[in-house]
Amino acid sequence: MRTHHCNELRSAHIGETATLIGWVNTVRDHHGVIFVDLRDREGVTQVVFRPEENAAAAAASHKLRDEDVVQITGKVAKRLEGTANDKIATGGIEIVATELVIVNKADVLPFQLDKELSNEDLRMKYRYLDIRRPRMSRNLRLRHRVTKATRDYLDEAGFCEIETPVLSKSTPEGARDFLVPSRLQPGAFSALPQAPQQYTQLLMVGGIEKYFQIAKCFRDEDLRADRQPEFTQIDIEASFVGQEDIISLVEGLLGRIFKEARNADIPQTFDRITWREAMDRYGSDKPDRRFGLELTDLADTFANSSFKVFSGALQSGGTVKAINAKGFANITTGQVEALTQIAVQAGAKGLAYIQVRGETPDTWRSPITKFLTPEELEALKAKLNIETGDLILFGAGPWEQVCEILGRVRLACAEYQKLLEGNEELNFLWVTEFPLLAFDDEAGRYVAVHHPFTRPLAEDEAKLLNGELSTGLRAQAYDVVLNGHELGGGSIRIHEGPLQSAMFRALGISEEQAAEEFGHILDAFRFGAPPHGGIALGLDRLVMLICNEHSIREVIAFPKNNKGSDLMSLSPAEVDPKQLRDLRIQTAKKPQ
RNA sequence: GGAGCGGUAGCUCAGUUGGUUAGAGCGCUGCCCUGUCACGGCAGAGGCCGCGGGUUCGAGUCCCGUCCGCUCCGCCA
């Protein structure tokens with residue numbers, strides 16, 4: 001078989017006999033002399049066929065087509081003077097073929113591997129060919145570097161990789177489950193795990209102390225560029241730790257990953273801000289801090305304004321905020337409309353703005369300046385550092401909503417202004433002190449912001465126990481953010497029965513229901529559960545960012561399309577009626 | 001569930017205010033070529049313009065519907 005791969009032979013090998021095997025990358029047939037670029041996963045080596053070396057092989061080489069698998073034996077030779085190719089690492093040499101074995105002919109491919117391909121259907125249908133392309137091959141091998149670095153780092157830190165069940169119990173909280181019907185117990189169902197988290201807590205009760213898993217997780221929700229129904233998490237849980245321990249562990253882990261996968265040195269510690277500050281300044285719980293455009297609070301300026309949109313919002317307990325998009329006064333009408341639409345989608349009634357055309361307010365273009373007093377305009381100018389050419393965008397209303405609206409407007413402005421073009425920065429950030437509870441208007445009750453096992457901040461613990469509920473309660477929950485993407489999130493967990501019961505009560509889960517759904521957890525907490533906490537990092541997103549890709553599909557070997565289908569194997573699909581009979585499932589006809 | 005963008009040759013795309021026989025590059029097939037590396041040259045094949053309906057003398061182009069893909073919102077503890 002092969003003696004070398006296709007990115008191995010150099011001038012030092014000249015004179016040796018070598019056997020290579022791989023795919024025909026290109027054929028350049030000059031009739032008398034034929035060049036074949038032979039490719040394997042490592043690279044490309046030029047092979048030259050000459051009739052005088054082996055007439056039969058040279059004759060056969062005329063028939064070679066792209067992507068045939070061939071084995072070639074020949075002498076490594078220095079290329080003729082002036083014909084070296086410095087674009088490839090093997091460009092100084094070539095193989096003068098004395099033997100050609102056509103291992104497997106290839107049909108004409110449905111697309112060219114060396115050209116960009118925009119037809120996603122076709123890529124997915126022939127994913128095995130797509131993977132042959134350098135981009136996908138590089139991404140998948142880089143993904144391996146990341147999981148390898150993860151395992152090495154966590155192993156060295158004393159963590160133990162343990163598999164948790166894929167067939168597990170469906171839980172009502174959280175995302176929609178993928179259900180698996182039980183044959184042995186007709187009418188009963190398992191679910192595929194949305195996260196291993198409940199089992200990992202039980203591993204802590206089991207005394208494992210340091211656990212991790214590179215775990216497949218499943219959520220039956222709509223897809224996005226960064227969301228697939230099955231995805232992978234780096235799941236970590238540890239006992240006798242606090243938030244600081246998890247944070248420094250993850251900082252070290254990401255340092256190792258970026259070093260080994262991308263040879264990048266990232267900060268040893270990341271900046272931290274609280275959730276409240278993140279919302280207040282950036283209008284997002286995963287702020288992209290590679291650019292400014294921060295939100296400025298204008299409560300002082302408009303508390304008593306005669307402009308009711310602003311003063312009314314403040315008087316009813318809300319807020320008024322603005323961002324100054326420096327130098328964006330030349331925004332197009334279409335962009336104003338688009339920004340307004342973004343704001344409205346986020347719950348705004350409209351989007352007030354000022355296009356700053358000159359020094360003095362009379363030169364400003366705006367639908368609202370006519371309602372503002374000269375003093376208010378002066379105060380604005382000072383507070384927002386307004387200069388000619390700026391664009392000011394306002395939000396007024398309930399605090400969290402205003403933050404979210406301007407947060408989205410902020411991102412859109414950055415995109416329009418191309419603030420991130422060519423930016424190679426890796427901006428890591430911890431967001432801490434997430435709220436413990438959010439109020440779900442539809443359900444008419446509180447829901448867990450993270451999950452129902454999240455521990456409140458020590459100073460808010462008594463309130464939870466006493467049932468003094470509010471969205472102001474904070475959790476020992478933290479997210480790690482990279483360039484505006486949530487890389488992962490975790491929390492210190494509740495490990496005592498009474499506190500856990502209080503949490504269930506807060507969420508409107510009855511004692512009976514808690515016993516039924518989570519009885520095993522409450523049981524476990526009775527037998528000496530250690531304090532513990534953990535985090536889960538989204539592996540697909542992490543690798544996507546390391547690969548500079550814009551969709552996690554580019555770093556998953558066989559992903560699903562927008563409708564959740566595998567276009568290669570055509571799954572999901574109808575099944576044999578016998579299988580359904582075994583499962584006591586009566587109908588599975590697609591609604592038409 | 002909603003919004004936006006797209007669907008023309010195997011692939012990537014162009015196609016003007018509706019107007020003869022729908023184009024280009026790459027790929028493919030055949031022939032020529034002994035130093036190319038995006039080889040070159042000559043010739044050729046290849047189209048339900050996503051699908052259905054409508055307007056019109058005439059539709060790739062306009063209108064309605066529908067399917068598919070992508071992106072976003074909702075949703076994703």
Side-chain angles (χ1 to χ4, degrees), chain A residues 25-38 44-53 58 62 65-67 77 79-88 90-91 94 96 107-126 129 171-177 194-195 197-198 217-229 231 334 337-338 341-347 404 408 411-412 415 434-438 440 442-443 446-454 475 477 486 489 491 503 507 509 536 538 550-551 553 561-563 565 567:
Chain A
N25 204 48
T26 46
V27 181
R28 291 178 295 279
D29 187 342
H30 292 245
H31 200 68
V33 60
I34 303 96
F35 299 98
V36 171
D37 288 343
L38 192 67
V44 168
T45 300
Q46 174 166 288
V47 179
V48 56
F49 290 90
R50 283 202 212 92
E52 55 268 32
E53 299 290 340
H62 289 298
R65 294 292 176 266
D66 286 359
E67 299 305 313
R79 292 207 188 178
L80 298 187
E81 202 59 38
T83 65
N85 181 358
D86 55 13
K87 285 184 208 152
I88 55 174
T90 58
E94 62 195 4
V96 183
D107 278 352
V108 176
L109 268 50
F111 52 85
Q112 289 162 261
L113 299 186
D114 58 347
K115 298 270 191 304
E116 269 307 308
L117 181 63
S118 62
N119 187 334
E120 291 280 318
D121 274 17
L122 208 63
R123 291 184 64 194
M124 294 309 157
K125 183 173 178 192
Y126 298 100
L129 296 179
T171 51
E173 296 275 320
R176 199 174 287 121
D177 283 327
Q194 298 173 27
Q197 180 263 333
Q198 284 189 37
C217 303
F218 305 86
R219 289 175 194 176
D220 189 8
E221 298 290 348
D222 286 7
L223 291 84
R224 286 279 199 289
D226 62 353
R227 267 175 18 200
Q228 285 270 307
F231 60 101
E337 272 170 33
Q341 207 175 347
I342 287 168
V344 167
Q345 241 166 15
E404 265 173 35
R408 291 188 197 184
L411 290 177
E415 192 174 331
F434 270 77
L436 186 70
L437 302 171
D440 183 337
E442 213 173 299
Y446 285 100
V447 293
V449 168
H450 187 48
H451 59 56
F453 311 99
T454 305
E486 179 192 331
S491 61
M503 185 64 175
L507 301 176
I509 299 173
H550 291 100
S551 167
R553 286 191 304 269
N561 75 357
N562 258 355
K563 289 240 166 77
S565 290
L567 292 178

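Naming: A, B, ... by sequence-line order, numbering from 1 per chain.
Looking at residues two or more places apart in sequence or on another chain, you find a side chain to side chain donor-acceptor pair (under 3.5 Å) between Q46(A) and R28(A), E94(A). Under the rule for a side chain to side chain contact (heavy atoms under 4.5 Å, CB included), the partners of E116(A) that lie at least two apart in sequence or sit in another chain are R133(A), R135(A). Scored by the ring-ring contact (aromatic ring centres under 6.0 Å, His included) test, F218(A) finds no partners at all (sequence neighbours excluded). Partners of E404(A) by salt bridge (charged side-chain N to carboxylate O under 4.0 Å, His left out), not counting sequence neighbours: none found. Qualifying side chain to side chain contact (heavy atoms under 4.5 Å, CB included) partners for A475(A), counting only residues two or more places apart in sequence or in other chains: L436(A), T454(A), A477(A).
Listed here is the closest heavy atom pair of Q194(A) and C217(A): O-CB, 3.3 Å.
In the interface, the side chain of D66(A) is not paired with the base of G27(B) through any donor and acceptor atom under 3.5 Å apart. Residue R219(A) places no side-chain atom within donor-acceptor reach of the base of C76(B), judged by atom type and a 3.5 Å distance cut-off alone. In this model, a side-chain donor or acceptor of R79(A) finds a partner on the base of C37(B) within 3.5 Å. No N or O donor and acceptor, one from the side chain of R408(A) and one from the base of C73(B), sit under 3.5 Å apart. At a cut-off of 3.5 angstrom, counting only N and O atoms as typed in the model, there is no donor on one side facing an acceptor on the other between the side-chain of R65(A) and the base of G27(B).
Comparing G1(B), C76(B), U36(B) by their closest approach to the side chain of D222(A) singles out G1(B). Minimum atom distance to the side chain of A225(A) is reached by U71(B), of the listed U71(B), U29(B), U36(B). Of the listed nucleotides (C75(B), U34(B), C70(B)), C70(B) has the atom at the smallest distance from the side chain of N561(A).
As the counterpart of G60(B), no nucleotide is assigned, since no Watson-Crick or G-U wobble pattern has both distances under 3.5 Å.
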Contacts under 3.5 Å, N or O only, protein and nucleotides 10-14 of chain B:
residue : atom : partner : partner atom : Å
G10(B)  : O2'  : P110(A) : O            : 2.6
G10(B)  : N2   : Q112(A) : OE1          : 3.2
U12(B)  : OP1  : S118(A) : N            : 3.3
U12(B)  : OP1  : S118(A) : OG           : 3.2
U12(B)  : OP1  : N119(A) : N            : 2.9
C13(B)  : OP2  : S118(A) : OG           : 3.1

